[in-house]
Amino acid sequence: MTVFYLGDFVETIDDTIKGVVTAIEKDTITVESADGFSLFFKSNELVKIESEFKVTNYEVAQIKSEKEKPKKRKSIVVKAKDRNAPKMEVDLHIHQLTNSSRGMSNYEMLNLQLETAKRQLEFAIRKRIQKVVFIHGVGTGVLKEELKYLFGRYDNVTFYDADYQKYGLGATEIYIYQNT
């Protein structure tokens, strides 16, 4: 049988009540709970504890390890507008593809532009670049129609008009599906 003294920290066996022994009368022990209430218990209903505020070495080690954890690095936030921006642009204007178009027929110029578009599309597929913008200009629309025909031959490619604010009507954007 445990002997209790005034000032001992105790805890009840059947409940989660902790407190300090404030009075002892025969078999009844008065305990002041952490909430300030005086409660009466028999001595066999109480257990003596070391201290109400005792901290174990394990708890100290836990707190130290939490403080030693490296700070979380701030991730760079990419705006939605920039996230959806195409990774690659291909300018198909003839003056961008050759030093001089002098002496070239319209047919030869169109073939050069289409060959460049096909080569760049194959490159994007190989390098797993998902979005490519082909800048073709407005003109009479012949190159744009030929590009649509070229892109239509690929199963894993969809195409649509590029961002009007940036390119106007003179560009087509493609999206390459990678897992096909």
Determine whether Tyr177 and Thr158 satisfy the following criterion, side chain to side chain contact (heavy atoms under 4.5 Å, CB included), listing intermediate values before the conclusion. CA-CA 8 Å; Tyr177 294 96; Thr158 57; 3.4 Å; yes
Evaluate the ring pair (Phe, Tyr, Trp, His ring centres under 6.0 Å) criterion for residues Phe134 and Phe151: first the C-alpha distance (whole Å), next the side-chain angles of each, then the deciding distance (0.1 Å), finally the verdict. CA-CA 11 Å; Phe134 289 92; Phe151 301 148; 5.1 Å; yes
Test side chain to side chain contact (heavy atoms under 4.5 Å, CB included) on Gln120 and Met88; report intermediate values, then the result. CA-CA 9 Å; Gln120 294 297 329; Met88 185 173 155; 3.0 Å; yes
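The pair Glu173-Lys166 does not count as a salt bridge, with every side-chain nitrogen at least 4.0 angstrom from each carboxylate oxygen.
Phe9 has its side chain out of reach of Lys18: every pair of non-hydrogen atoms, C-beta onward, lies at least 4.5 Å apart. Between Tyr167 and His136 the shortest side-chain heavy-atom distance does not fall below 4.5 Å. Residues Leu121 and Val132 are not in side-chain contact: their nearest non-hydrogen atoms beyond the backbone lie 4.5 Å or more apart. At least one side-chain heavy atom of His93 sits under 4.5 Å from a side-chain heavy atom of Ile135.
Taking Asp161 as the reference, Lys144 meet the salt bridge (charged side-chain N to carboxylate O under 4.0 Å, His left out) condition, with sequence neighbours excluded. Applying the side-chain hydrogen bond (donor to acceptor under 3.5 Å, both in side chains) test to Asp163 and every residue at least two apart in sequence or in another chain returns nothing.
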Hey, can you pull the donor-acceptor pairs under 3.5 Å for the side chains in residues 105-116, sequence neighbours left out?
unit_1: Ser105; atom_1: OG; unit_2: Glu108; atom_2: N; d: 3.2
unit_1: Tyr107; atom_1: OH; unit_2: Asn111; atom_2: ND2; d: 3.3
unit_1: Glu108; atom_1: OE1; unit_2: Ser105; atom_2: N; d: 2.9
unit_1: Gln113; atom_1: NE2; unit_2: Leu92; atom_2: O; d: 2.7
unit_1: Thr116; atom_1: OG1; unit_2: Leu112; atom_2: O; d: 2.8

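The list of ring pair (Phe, Tyr, Trp, His ring centres under 6.0 Å) pairs with a residue in residues 24-49, not counting sequence neighbours, is empty. Within the structure, the salt bridge (Lys or Arg N to Asp or Glu O under 4.0 Å) test picks out the following pairs touching residues 2-12 (sequence neighbours left out): Asp8-Lys48.
Of all the heavy atoms in Ile17 and Ser33, the pair that sits closest is CG2-CB, 4.3 Å. The minimum heavy-atom distance between Ala117 and Leu147, with the atom names listed, is CB-CD2, 3.5 Å.
Here Ile125 contributes atom CD1 and Ile174 contributes atom CD1; the two are 7.0 Å apart, rounded to the nearest 0.5 Å. In this structure, Ile176 CD1 and Lys131 NZ are separated by 11.5 Å, a value rounded to the nearest 0.5 Å. Taken from CD1 in Ile29 to NZ in Lys42, the straight-line distance is 10.0 Å, to the nearest 0.5 Å.
Hydrophobic clustering, with ILVMFWY side chains joined whenever heavy atoms are under 4.5 angstrom apart, groups Phe123 together with Phe159. Ile94 and Val133 fall into different hydrophobic clusters, defined by Ile, Leu, Val, Met, Phe, Trp and Tyr side-chain heavy atoms under 4.5 Å apart, directly or through other members. In this structure, Leu150 is a member of the same hydrophobic cluster as Ile129, with clusters built from ILVMFWY side-chain heavy atoms closer than 4.5 Å. Follow the hydrophobic side-chain contacts under 4.5 Å out from Leu143 and you never reach Leu97; the two are in separate clusters. There is no path of hydrophobic side-chain contacts, each under 4.5 Å, that joins Val20 to Leu6.
Cluster partners of Tyr164, by chain and number: Val138, Leu169. The rule joins Ile, Leu, Val, Met, Phe, Trp and Tyr whenever side-chain heavy atoms lie under 4.5 Å apart.
Crowding of Tyr160 atom OH: a count of heavy atoms from other residues, nucleotides or ligands under 6.0 Å exceeding 12. No more than 12 heavy atoms of other residues, nucleotides or ligands lie within 6.0 Å of CG in Asp14, so this atom counts as exposed by the packing criterion.
For the pairing with Val47, the side-chain contact (heavy atoms from CB on, under 4.5 Å) check across Thr12, Ile13, Val10 returns one residue only, Ile13.
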